[in-house]
K.L.:
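Pasting a structure below so you can have a look.
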Amino acid sequence: MKSAARPLRLGVNIDHVATIRNARGGRHPDPVRAARLAVAAGADGITAHLREDRRHISDGDIERLVRAIDRPLNLEMAATAEMLAIALRHKPHAACLVPEKRSEVTTEGGLDVVAGRDQLAPVVRRLGDAGIRVSLFVDPEAAQLDMARALGAPVVELHTGAYCEAEGAGRERELARLAAAAAHAEKIGLECHAGHGLGYDTVAPVAAIATIVELNIGHFLVGEAIFVGLAGAIERMRALMDAARRGERA
Ligand code: PXP
């Protein structure tokens with residue numbers, strides 16, 4: 001008998017709603033309103049990255065999101081003392097630890113958990129002790145997953161940027177790396193998420209990897225919202241994810 005596919009959750013990242021708001025200052029468009037709309041359109045959770053330089057999401061946005069959203073909030077953050085204190089104050093459902101460089105346009109690669117283990121270990125422990133589900137954003141490499149497991153993180157999120165940027169045979173190679181890492185995560189007892197750079201033309205093969213249970217997607221959805229509205233963009237993404245999970249084409 002064929003076993004039922006594990007559900008695949010969609011976390012909608014609303015950072016770039018705040019990017020547009022901040023281009024002019026003021027309050028419009030409000031990322032909290034976008035988060036509510038995303039939930040109504042089929043998001044299982046909301047993701048927001050509070051960066052050290054506050055270039056998009058603000059402290060006030062996090063405070064309002066925690067109060068306004070009745071779905072899990074996934075706070076993306078650097079493993080710094082400042083961000084740890086903020087996370088412990090707001091106690092989001094989940095915290096995803098990401099590398100952060102001031103000069104980067106977006107999160108360019110995964111965390112080097114192996115090299116950074118001494119700095120990461122107390123942050124993972126303190127978040128976990130507070131009941132916050134910790135994930136580590138990593139490139140699809142077994143050594144990174146093994147170290148995430150050793151540090152006691154229950155979840156890893158695989159960086160899909162290299163897969164999305166590659167073309168042809170290179171993309172196939174990157175997809176195989178993601179699939180192998182997702183299988184390794186399952187084998188060593190880690191929950192596996194994935195995200196970064198995903199759009200309509202790249203999401204299906206990742207959604208078809210059965211051991212990945214959550215995708216976090218932002219920039220493409222906010223961009224596509226210009227043409228079809230945020231709800232329409234999320235509904236289409238959901239349909240593509242769900243069809244791929246069932247082994248169908250949408
Ligand atoms: N997951 C993580 C850990 C991220 O840092 C980001 C980007 O903030 C995403 C997912 C979403 O990436 P994108 O905005 O390219 O969809």
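Here the structure is a predicted model, which means the values were calculated and not measured. All ligand and atom numbering here is 1-based and tracks the order in the structure.
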K.L.:
Tell me the closest heavy-atom pair linking I209 and A182, and the distance in Å.
P.N.:
CG2-CB, 3.7 Å
K.L.:
Is it the side chain, the backbone, both or neither of H159 that has a heavy atom closer than 4.0 Å to ligand 1?
P.N.:
neither
K.L.:
Can you measure from CG (D201) to CZ (R171) and round to the nearest 0.5 angstrom?
P.N.:
5.5 Å
K.L.:
Are any of the N/O atoms in H49 less than 3.5 Å from those in ligand 1?
P.N.:
no
K.L.:
I need the single residue from R246, R245, R238 that forms a salt bridge (Lys or Arg N to Asp or Glu O under 4.0 Å) with D242. Which is it?
P.N.:
R238
K.L.:
Out of curiosity, is F137 lining ligand 1, as in a heavy atom under 4.0 Å away?
P.N.:
yes
K.L.:
Number the atoms of ligand 1 from 1 as they appear, then name those within less than 4.0 Å of a heavy atom of G218, with their elements.
P.N.:
13 (P), 14 (O), 16 (O)
K.L.:
Heavy-atom contacts with N216 under 4.0 Å: which atoms of ligand 1 show up? List them by number with element.
P.N.:
10 (C), 11 (C)
K.L.:
I'd like to know if D30 and R64 make a salt bridge, using a cut-off of under 4.0 Å between side-chain N and carboxylate O.
P.N.:
yes
K.L.:
Among G197, P99, G195, G11, which one puts a heavy atom closest to atom 15 (O) of ligand 1?
P.N.:
G197
K.L.:
Does the Lys NZ or Arg CZ of R177 fall within the cation-pi geometry relative to Y163 - under 6.0 Å from the ring centre and within 45° of the axis?
P.N.:
no
K.L.:
Taking only heavy atoms of E76, which atoms of ligand 1 are found under 4.0 Å from at least one of them?
P.N.:
1 (N), 2 (C), 3 (C), 4 (C), 5 (O), 6 (C), 8 (O), 9 (C), 10 (C)
K.L.:
So for ligand 1, is V98 a polar contact partner (N or O within less than 3.5 Å, distance only)?
P.N.:
no
K.L.:
Would you please name every residue forming a side-chain hydrogen bond (donor to acceptor under 3.5 Å, both in side chains) with T211, sequence neighbours left out?
P.N.:
none
K.L.:
Stepwise, does the side-chain hydrogen bond (donor to acceptor under 3.5 Å, both in side chains) test hold for E191 with H193?
P.N.:
CA-CA 7 Å; E191 182 171 309; H193 302 176; 2.7 Å; yes
K.L.:
Between the candidates E157, H196, H16, E214, which shows the shortest non-hydrogen contact distance to atom 1 (N) of ligand 1?
P.N.:
E157
K.L.:
Within the 4.0 Å heavy-atom shell around I217, which atoms of ligand 1 are there?
P.N.:
16 (O)
